[in-house]
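Here is the structure we will look at, set down as structure tokens.
Quick caveat: nothing in here was measured; it's all calculated off a predicted structure. Atom set for the values below is all heavy atoms of this structure, side chains included, hydrogens, waters and symmetry mates excluded.
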Amino acid sequence: MVSLKSFITSQLNITETSTDSSADAPTPLSVQIPGAQVTPRAEHNISRRDISDGALQVLNGLHRAGFQAYMVGGGVRDLLLGREPKDFDVATDAHPEQVRKLFRRNARLIGRRFILVHVQFGSEIIEVATFRGGADGKKKEASERSESGRILADNVYGSLEEDARRRDFTANALYYNIADRGILDFSTGMEDLRAGLLRIIGDPEQRYREDPVRMLRAVRFAAKLGFTLDEAARAPISTCRDCLQEVPSARLFEETLKLFLNGNARSSFELLRQHGLFAALFPQVDALLDTDSAEPARILLQGALEGTDQRVHDGKSVTPAFLFAALFWPVLQQQSQVLEQQGKPAAIALQQAASDILQDCMGRVAVPRRFSLPMREIWDLQARFLRRGGRRPHALLAHPRFRAAFDFLLLRIQAGEIAAELGNWWEQFQTADHEGRRILIEAARLEENGQETALGPLPATRSRRPKRRRRRHPRSDSVAAKNTADTEEVTDND
């Protein structure tokens, strides 16, 4: 059986040698690259044993083909901090078509604003980017900006040093050189990593206006790494946050997921609020959280964020539908109450308020239909928890969204919206047997009618079958009719 490594190397037409061999590599050694501060292998903790096989295949494949190849970005940063990287990115001087030709069927081109190559090995995808350069003095048609300075298209290639200047944060602009395993730093990345400081490369305001999402990335990295934003990076956020309105709502949704589903949702939320970015994303929710009567809403949202973080840390699945249902719930209640005061039934008021909220999101953080529908189901099921008579509890328990809706009910109980007894009743109902559920339903009926619940278990009752009517024989009917006639005759004579 041929190993995956042997198959890949045969496809690349290269000899299968050890990944540690780089003596005859054409790529320049780190000390030969101008403008870079070099940390040699002996002075950092990154080992190739910590790098995925797929990333090593790409690095060595490019390296042996005569191209420069560097691991860059979060992979280098996380390994230096002793963390396990989520993925590995590669930067090279090879153009996308050259990379695709080199890795053939494993590679595909993606992207519009800047073309990238995804090289896939099994379930792992390595993102390969060509060195990026500045647009000044280069082909103008390859770069396009909006009136506010936001970059719309950016297919401009450059050198390694130019690529480093185009990175967003110094901690993300460190390059691991496969040629000699040294780390290249063109700014203050290594120093900032040791200090726990998140610093923007270049002028922060200009960089935010080029891509407003950088403000959200700054918050995400600060929350994830426990770093502090330096003063220069913090100051322009208040004047640049309105630029987020120019970002497509679908992209804002994806960035919001990265903020809230990475295991640091609570700290990300607090930093977003602190810098006024939460108001730019969710203005209605932010305004409501600032009111004096919003304590239940704050408790509910805090519980949802902490619960999401716990599930991520426990390796459990999380769904954006649940978190966004909690995020918009206070606004939904407020708007549905207004509609009810206008004379609309509660169910219709809830549906209309939900539609209005999701429609308003389309202009900011658009929630895709695959998540908005489960959100609405979680909201709709809340009223059904109050109806515990007959077969209704059984039907609700069989609903596909029951578990998520019940967890949401527990959040509402935690926030003080609902009495804890209701949650206890449903906890017991889920684990009870058939007879136990019948007793619980009867107890709920008595409670709703204002009666005291019976002491001890209720006696078992047998359902009575209705009596079957006996079909009369035609002859019997005629005899009965004759007797009736005789009786009437006697009566008339009397």
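Taken from NE2 in His313 to CG in Asp309, the straight-line distance is 5.5 Å, to the nearest 0.5 Å. Once rounded to the nearest 0.5 Å, the distance linking CZ of Arg364 with CD of Gln284 reads 8.5 Å. Taking CG from Leu184 and OG1 from Thr39, the interatomic distance works out to 8.5 Å, rounded to the nearest 0.5 Å. Distance check: Cys243 SG to Tyr208 OH gives 12.0 Å after rounding to the nearest 0.5 Å. We find the CZ-CG distance between Phe385 and Leu409 to be 5.5 Å, quoted to the nearest 0.5 Å. With rounding to the nearest 0.5 Å, the separation of CD1 in Ile200 from CG in Leu198 is 6.5 Å.
The two residues Ala164 and Phe186 have their closest heavy-atom pair at CB-CD1, 3.5 Å. In terms of heavy atoms, Ala326 sits closest to Pro330 at O-CD, 3.5 Å. Minimum interatomic distance between Asn172 and Arg77 (heavy atoms only, all atoms of both residues): OD1-NH1, 2.7 Å. In this structure, Arg181 and His44 approach most closely via the heavy-atom pair O-NE2, 2.7 Å. In plain terms, the two heavy atoms of Val365 and Thr256 that are nearest each other are CG1-OG1, 3.8 Å. Nearest approach of Leu277 to Met215, heavy atoms of both residues: CD1-O, 3.8 Å.
Between the side chains of Thr92 and Gln68, no donor-acceptor pair of N or O atoms lies under 3.5 Å. Side-chain polar atoms of Gln302 and Glu306 form a donor-acceptor pair below 3.5 angstrom. Side-chain N/O atoms of Arg165 and Ser187 include no donor and acceptor closer than 3.5 Å. Side-chain contact check for Gln351 and Asp380: at least one donor-acceptor pair (N or O, by modelled atom type) lies under 3.5 Å. For Ser268 and Asn264, the side-chain atoms include no donor-acceptor pair closer than 3.5 Å.
Residue pairs meeting the salt bridge (charged side-chain N to carboxylate O under 4.0 Å, His left out) criterion with at least one partner in residues 90-101, sequence neighbours excluded, are Glu97-Arg100. Each salt bridge (charged side-chain N to carboxylate O under 4.0 Å, His left out) pair with one or both residues in residues 270-291, not counting sequence neighbours, appears once here: Arg266-Glu270, Arg273-Asp286, Arg273-Asp290.
Between Arg194 and Glu191, no side-chain nitrogen of the basic residue sits less than 4.0 Å from a carboxylate oxygen of the acidic one, so the salt-bridge criterion is not met. Salt-bridge check for Arg403 with Asp407: passed, with a basic side-chain N closer than 4.0 Å to an acidic carboxylate O. The pair Arg209-Glu205 meets the salt-bridge criterion, since a charged nitrogen lies less than 4.0 angstrom from a carboxylate oxygen. A salt bridge links Arg217 to Asp168: at least one charged side-chain nitrogen sits closer than 4.0 Å to a carboxylate oxygen. A salt bridge is defined here as a Lys NZ or Arg NE, NH1 or NH2 lying under 4.0 Å from an Asp or Glu carboxylate O, and Glu231 with Arg234 meets this definition.
Remark: side-chain polar atoms of Ser159 are paired, donor with acceptor, to backbone N or O of Glu162 under 3.5 angstrom. A distance-only check finds a donor-acceptor pair linking the side chain of Asp163 to the backbone of Arg132 [under 3.5 Å]. Looking at Arg108, its side chain never comes within 3.5 Å of a backbone N or O of Gln120 through a donor-acceptor pair. Without hydrogens or angle criteria, Arg401 side chain to Glu377 main chain gives no donor-acceptor distance under 3.5 Å. A donor-acceptor pair under 3.5 Å is formed between the side chain of Asn45 and the backbone N or O of Leu79. In this structure a side-chain-to-backbone donor-acceptor pair under 3.5 Å is present from Asn177 to Ala179.
Between Phe221 and Phe169, the gap from one ring centroid to the other is short of 6.0 Å.
Screening Glu417, Gln334, Gln382 for a side-chain hydrogen bond (donor to acceptor under 3.5 Å, both in side chains) with Trp329, the sole residue that qualifies is Glu417.
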Item to check | Worked verdict on Leu102 versus Leu62 for side chain to side chain contact (heavy atoms under 4.5 Å, CB included) | outcome: CA-CA 8 Å; Leu102 183 63; Leu62 289 166; 3.8 Å; yes

Next on the checklist: Could you walk me through whether Arg48 and Leu56 satisfy the side chain to side chain contact (heavy atoms under 4.5 Å, CB included) test, starting with their C-alpha distance in whole Å, then the side-chain angles of each, then the deciding distance to 0.1 Å, before giving a yes or no?
Outcome noted: CA-CA 8 Å; Arg48 276 170 294 178; Leu56 287 175; 3.9 Å; yes

Item to check | Criterion side chain to side chain contact (heavy atoms under 4.5 Å, CB included) on Tyr175 and Val76, from CA distance to verdict | outcome: CA-CA 7 Å; Tyr175 295 75; Val76 181; over 6 Å; no

Item to check | side chain to side chain contact (heavy atoms under 4.5 Å, CB included) evaluation trace for Val38 with Ile183 | outcome: CA-CA 6 Å; Val38 180; Ile183 294 178; over 6 Å; no

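Contact of the Ile178 side chain with the Met71 side chain is not registered, since no non-hydrogen atoms from C-beta on lie closer than 4.5 Å. Residues Glu255 and Arg220 meet the side-chain proximity criterion, which asks for heavy atoms closer than 4.5 Å. In this structure the side chain of Phe121 reaches within 4.5 angstrom of the side chain of Asn106, judged on heavy atoms. Considering only heavy atoms from C-beta on, Asp78 comes within 4.5 Å of Leu225 through its side chain. Contact annotation: the side chain of Val90 never approaches that of Tyr70 to less than 4.5 Å [non-hydrogen atoms, C-beta and beyond]. Annotation: side chain of Pro320 is not in contact with side chain of Met375 (no heavy-atom distance under 4.5 Å). Residues Val219 and Phe278 have side chains not in contact (no heavy-atom distance under 4.5 Å, counting atoms from C-beta outward). Looking only at side-chain heavy atoms (C-beta outward), Glu127 and Val119 stay at 4.5 Å or farther from each other.
For Asp53, the CG atom counts as loosely surrounded, since its 6.0 Å shell holds 12 or fewer non-hydrogen atoms of other residues, nucleotides or ligands.
The aromatic rings of Tyr157 and His95 lie tilted to each other, with the angle between the two planes from 30° to 60°. Under the 30°/60° scheme for interplanar angles, the aromatic rings of Phe324 and Phe253 are found to be tilted. The aromatic rings of Phe406 and Phe402 lie parallel to each other, their planes meeting at an angle below 30°, with 60° marking the opposite boundary.
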